[in-house]
Structure formats: structure tokens, C-alpha cells
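Notes follow once the structure below has been shown.
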Protein chains: 2
Amino acid sequence: MPAPPPVIDIETSPDRKSAILAAALAVFSEKGIEAATIEDVRQRSQASVGSIYHHFGTKEGIAAALFAHGIDDYWARLIASAAGKASAERTIHGLIAAHIGWIAEKPDLARFLFSRRQAVGQAYDEAIRQRTAAHFKTLFELLKPWFKQGVLRRLPAGLYAPLLMGPAQEYSRQWLGGRIDIEPRVAIRELSQAAWRSLAVDPDRRD
Amino acid sequence: MPAPPPVIDIETSPDRKSAILAAALAVFSEKGIEAATIEDVRQRSQASVGSIYHHFGTKEGIAAALFAHGIDDYWARLIASAAGKASAERTIHGLIAAHIGWIAEKPDLARFLFSRRQAVGQAYDEAIRQRTAAHFKTLFELLKPWFKQGVLRRLPAGLYAPLLMGPAQEYSRQWLGGRIDIEPRVAIRELSQAAWRSLAVDPDRRD
DNA sequence: AATATTCTAGAATATTATTCTAGTCAAGCA
DNA sequence: TGCTTGACTAGAATAATATTCTAGAATATT
């Protein structure tokens, strides 16, 4: 399989397109997508309206591009941390740690990614779905061995994602919204253990 | 504690305010909040611009009101189904069944509630937070006995919500987005059991 | 009934997204 | 070097749409 192209960092990359994306993220974070105006983005990015529209077509297009960027960045991290672990338990821990770690590191992008999905509009839904599905398939392959050999429970396939990442996802949303103050480190530990209990066959007799 | 006022049904209630909310929900669902125009809402609700602005102030105000309505409707259902159960296991099952059941019953409102939170804008954040916090506190009281008597694990308080509802929440999002086809009934069963495994003290020796 | 208050209407206005025209700039090439 | 092409940028002009305003109808209150 070809190595996925590295995800560029919109904060540091010097080209105008990245500058616009970074500015948009900042503005969207401050005022919300709807309230943010193109003029806001223009000022913050030092670009012109023409330039913005040349690159992204519409305001929604900016959001969609930002979204795609976020997805790729997030999943690259997730998959890197899940690959090559020696046990199912470590794989699960790695995933949850990566998820929560990423969110703590890039809270603005995370907030955008996880709370504004629909704001991007259904025109881009299919593209986003495909991107996510591809990433998730890669991840699923990493877990396959473990439930083939009876370490992880067999469940309807669609339920793995909710069970594995649901609690971390929910924790993250609340943490990002400032509605919970439990430290990421603690959450990683507790949520990993809980995920293990809910997914493992017979977790108490594992050693 | 005073009984909470019953949540009115915006679909059937005949007053103009409800009509506007119902129309807004429909339009928002079809095109997304941003793309939906006041004119769309006006046409579908048979109201006038003036009337809409009289009741809600801004377009965002409509979204906020819809959001508040959804929260109340959702939580009323959740709490009703968790109250008075004879065991912790049944309480948990009740909660998850209520969550998933509500979503399956009112998918448009659910989609709005769970996917557009940030679209409502931080001006209303505090109000929403308080509403949710109050509801959640009520729920938490219902669970207290069970972990006081050692049936449920003691964890950092903020992690109960993610563990309890996170997977159901994540399942719901995907189901609402058409990205998963597992039946609600099946999901309720599996996710209840999994939640029990992750929250109970020693679930395997419970009987 | 008289008055006040809430609600409705739709035209007028202001804001903001988007389009358009005219360039600039860098890369390739004769 | 000078020419050509395509990607990019600029900002004024336009169009779409949110919001305000004034006036009047309906409803409640005394």
C-alpha cells in the first residue's frame, strides 16, 4: 500500500492557502462558522477576497477543506499509535491515548472536527464519509487478529467504533467544551481500562 | 422538587411559535442551518418575517430555542426511563434504551441536537450548559445508590457520562448519518451489556 | 368599553457572500 | 532575453439575505 502523503501543518506552512485555512480555523473557533465573515478571514490571513474565493470557492468550501485536513491529521496520528502493538490491550490503549492526546494538542482543530461536522453541509458529506471509511478500514485491519484469536469479543461490526472510541469521544467533547475538568492523562487510563473491559472476552482472567 | 413543566410538541401545537420552530427544524434538516434562509422558514411556517423576529430575535435565536426544546424533550424521556428501576443493570439498560429509542423516534430533532451544538453559537452556551447540567444532576442522583452500595465502580465523577452514554451517543450519530445499519433494538442490547461490563464492579459474578 | 400588551405584516435597510474584471507573478520555452 | 501561459491576487461591483422599522391587528387586562 502506498504511504499516505504527509499531512502538512497549516500553522507553519507559508503558502497562502494554508494561511487562509489557519486564519479560518482561528476565526471559526472564536465566533463560530456562521458568525465568522469572509472579511474576518481576509483580515486575519492578509489575503484578498479574490484569493480566498480562488482557492475555496465558497465559505463552506473553506470549512470543508479544513475538515478534510483535520480528518487526515487526526487519523494519521490514530493509526500510527495503534500499529505494531504487541497485545490487544496495548492496541486499545494506544488508540485512546492517541485520540485524547491529539485533542489536547490541537483543541481548536478538534473542536472544529468533532462539533461542526454538519456545519460543513451535505454537499461534502460523501467525500468526508469516504475519507473516514478508508481510514477506519485500515484501523479495523489492525484489530482483526485479536478477535480472530478470541481475545476480543465478536460483535456486530458496526459497534466496534462506538464501543472503542465512544467514551473517549464523549469525554473529549466535554473536555473541549470546558464542561469537564478531568485531566487527559487520567481519562486515558480510566477509559482504556473501561474499553478493555467492555470489549475483551473475559477480561478478569487475562493473566 | 417541583414537577418539570411538560414539554410541548412543536409538531402538533397550533401556536405560531411552535409552527415556526417546526418549520425551522424541517428546513434546517434539509439544507443545514447555514444554508437555510429566514425566507425558507417564513414560507414553510406561513408566518411573516416580523413575526419570526418578534419571537426569536435572530436566526440563531431560532436555533437556540429549538435546541432548548430538544434538550428538554430528550432528557424528560431519559429520566423517566431511568427512574424507579429495581437494579443498576436495569437502570443502565433503561437509559440506553431511552436514548436510542428517542433518537429513532425523532431523528430530525436528534440530528439537530447532537450534531449542531456549536452551530448555535457561544452566546447561548451558558444557558444550554446549565440546562444540561441540571438534567444530568437529576440523573446522577438516580445512580447514586448503586455505587454507594458497591455495585457500580467508583470513578472520577466526570467519566460516568462518557462511559454510560458515549457508545450509545456514537452509535446514534452514525445511525442518524446513515453510516451504520445495525438495528436500534440490537444496538440497545449490545451496548447495554457493554456499558454494564465497563461500569459494574465484577460483572461476571453478579448472579 | 378603554387601554395596554402582545403579536403580525411587509417594506426599507444593512450586512455579507459571491462574482467579475483587471491585473501580477513565476515557470517554461523559443 | 523576451514571450506565453496558467496559477494566483486584488478590490470594486453585485446579489443574496439577515435584520430593523413603522404601522396596524388581535388579545388580554382594568
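In what follows, chains are A, B, ... by sequence order, proteins preceding strands, each numbered from 1.
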Checklist entry - Taking it one step at a time, do A:F114 and A:H99 satisfy ring-ring contact (aromatic ring centres under 6.0 Å, His included)? => result CA-CA 12 Å; A:F114 296 124; A:H99 177 95; 5.6 Å; yes

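The shortest distance between the side-chain N/O atoms of B:R16 and the OP1/OP2 oxygens of C:dA9 is below 4.0 Å. For B:H55, a side-chain nitrogen or oxygen approaches OP1 or OP2 of C:dT8 to under 4.0 Å. Between B:H54 and C:dC7 there is a side-chain N or O to OP1 or OP2 distance below 4.0 Å.
Following rounding to the nearest Å, A:F28 (CZ) and C:dA17 (C1') show an atom-to-atom distance of 12 Å. Here the P atom of nucleotide D:dC8 and the CZ atom of A:F56 are 11 Å apart, to the nearest Å. We find that CD1 of B:I52 is positioned 13 Å from C1' of C:dC7, with the value rounded to whole Å. Straight-line distance from the CZ atom of B:R42 to the C1' atom of C:dG10: 9 Å, rounded to whole Å.
The aromatic rings of B:W75 and B:F136 stand perpendicular to each other, their planes meeting at an angle above 60°, with 30° marking the opposite boundary.
Between D:dT19, D:dT9, C:dT8, one nucleotide has an atom nearer to the side chain of A:S48 than all others, and that is D:dT9.
Residues B:W196 and B:L164 fail the side-chain proximity criterion, which asks for heavy atoms closer than 4.5 Å. Residues A:L139 and A:L95 meet the side-chain proximity criterion, which asks for heavy atoms closer than 4.5 Å. The shortest side-chain heavy-atom distance between B:L25 and B:F112 falls under the 4.5 Å cut-off. Between A:H93 and A:I188, some side-chain heavy-atom pair lies under the 4.5 Å cut-off.
Around CZ of B:R77, the count of heavy atoms belonging to other residues, nucleotides or ligands within 6.0 Å exceeds 12.
Using a cut-off of 4.0 Å between Lys/Arg side-chain N and Asp/Glu carboxylate O, A:R44 and A:E30 are scored as salt-bridged.
A donor-acceptor pair under 3.5 Å links the side-chain atoms of B:R111 to the main chain of B:L176, judged by distance alone.
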Considering only nitrogen or oxygen atoms on both sides, find all protein atoms under 3.5 Å from nucleotides 15-18 of chain D and state each distance.
residue, atom, partner, partner atom, Å
D:dA18, OP1, B:K59, NZ, 3.3
D:dA18, OP2, B:I38, N, 2.7

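Taking a pair as Watson-Crick or G-U with both hydrogen-bonding distances under 3.5 Å, the stems of three or more pairs touching DNA chain D are C:1-30 with D:1-30.
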